[in-house]
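Below is one structure, written out as structure tokens, with a few remarks after it.
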Amino acid sequence: MFDVRVSDEVATALSEGNAVVAMESTIFSHLGLPSPANEEALTRCESVVRAAGAVPAVTAVFGGVAQIGIDDASRERVCGPAKKMAERDIPVAIAQRWNYGATTVSAALALAERAGISVFATGGIGGVHRGSELTGDISADLDAIARRALVTVSAGAKAFLDLARTLEYLETAGAPVLGWKTDDFPAFYTRSSGLNVPHRVDSAEVVAAIYRNRTRNDQGLLLAVPIPESDALDVDHLDAVLTAALDECEAQGVRGAAITPFVLGRIAEATDGDSLPANLALAEHNAEVAAQVAVAICQAS
Ligand code: PSU
Ligand code: MN
């Protein structure tokens, strides 16, 4: 099995039983957000986690070393060019000494579980893609969420996915899906996908209690947090942009792991940059809720 290097700050917090929130690095790299929005996202997410009484732990592979928690010198690297790294790529990234393997949700969960972290914050998760019955494209995020022993906090799944099938998949995989102060499954840039969430929760303490009562040591759960109302985007316009971007993927032969960065880029263009502040706001809000949950889990144990 691979080794991880845990930063001093994160290691101390874990050994003293204090709250830690793991984060992926793809969102902060060039793959997730353009500069300087990515640096702003990192700063804002880290600050809200700290303000809520938890320690942020960004995950990445640098120079072939899997890391949990970054020092100040590595911040620039986190926000730079990267290779997208899902869980299955971690052994390759280490063995081939990738300069910067940016963690997706599945990779971040694998690293975080290894360090014994209970809560993970991201922007939006991957899921079942539209047309997956033909392409087979189902994000490795879903299995990782279901079987890594962490609470994953996200603003729902990326809006251009097949959200109904994504929820079905999580049910099959055995992951509880919780709506944070909502009955609706959120859709990333918008507060509702029109689909119901299986269970609504209204406090971090309840999420902590659900986490404590999981049926398997390796059962994970998804906490879906809607984007703050004032930052949500207009639904109708977004639907048209998404459909056009997906058609374009098909026409240009953009497939697999390349689809997410491509579609996110098109959304940014089409919303005239409005999607960026929305993306930052939801990431920050997720990090804040994740920190509250991490603190509640620590207080109860
Ligand atoms: N959502 C975003 N931006 C992203 C991602 C999700 O708004 O960059 C990334 C996350 O790292 C997620 C990954 O884990 O996309 C899923 O990719 P795929 O669909 O190829 O599994
Ligand atoms: Mn995929």
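First listed ligand is number 1; within each ligand, the first listed atom is number 1. We count residues from 1, following the sequence as given. Just so we're clear, the structure is a prediction, and the values are computed from it rather than from any experiment.
An N or O contact shorter than 3.5 Å links E24 to ligand 1 by distance. For V105, a nitrogen or oxygen atom sits less than 3.5 Å from a nitrogen or oxygen atom of ligand 1, counting backbone and side chain alike.
Contacts with ligand 1 closer than 4.0 Å are made by heavy atoms of both the backbone and the side chain of T104. Counting heavy atoms under 4.0 Å from ligand 1, residue L264 touches it through the side chain alone.
Here the side chains of V61 and K83 are not in contact, with every heavy-atom distance at 4.5 Å or above. Looking only at side-chain heavy atoms (C-beta outward), F28 and M23 come within less than 4.5 Å of each other. Under the 4.5 Å side-chain criterion, counting only non-hydrogen atoms from C-beta, L280 is in contact with L33.
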* Between R5 and F62, does a side chain to side chain contact (heavy atoms under 4.5 Å, CB included) hold up when you go through it step by step? -> CA-CA 10 Å; R5 183 184 293 168; F62 287 139; over 6 Å; no
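Summarising the contacts of atom 14 (O) of ligand 1 with D141, I145, V263, the nearest heavy atom is found in D141.
Taking every heavy atom of H129 and a limit of under 4.0 angstrom, the matching atoms of ligand 1 come to 19 (O).
Defined by atom type and a distance below 3.5 Å, a donor-acceptor pair is missing between the side-chain atoms of S106 and R88. A side-chain donor from one of S35 and E39 sits under 3.5 Å from a side-chain acceptor of the other.
The local environment of CD in Q252 is crowded, with over 12 non-hydrogen atoms from other residues, nucleotides or ligands closer than 6.0 Å.
A side-chain donor-acceptor contact under 3.5 Å links Y211 to the backbone of A149.
Of all protein heavy atoms, the one lying nearest to atom 21 (O) of ligand 1 is S139 OG, 2.7 Å. The protein non-hydrogen atom at the shortest distance from atom 18 (P) of ligand 1 is K84 NZ, 3.6 Å. The single protein non-hydrogen atom nearest to atom 5 (C) of ligand 1 is T260 CG2, 3.9 Å, given as residue, atom name and distance. Protein heavy atom closest to atom 7 (O) of ligand 1, with residue, atom name and distance, is F188 CZ, 3.0 Å. What sits closest to atom 6 (C) of ligand 1 on the protein, heavy atoms only, is G124 O, 3.2 Å. In terms of protein heavy-atom proximity, atom 8 (O) of ligand 1 is nearest to T26 CG2, 3.7 Å. The single protein non-hydrogen atom nearest to atom 19 (O) of ligand 1 is K158 NZ, 3.2 Å, given as residue, atom name and distance.
Taking the Mn ion (ligand 2) as reference, D137 places its N/O/S atom OD1 nearest.
Contact between A257 and ligand 1 is present, with at least one heavy atom of the residue lying under 4.0 Å from the ligand.
Both the sub-6.0 Å distance and the 45° axial angle are not jointly satisfied by R165 relative to the ring of Y169.
Considering CG of N286 and OG of S154, their distance stands at 6.5 Å, rounded to 0.5 Å.
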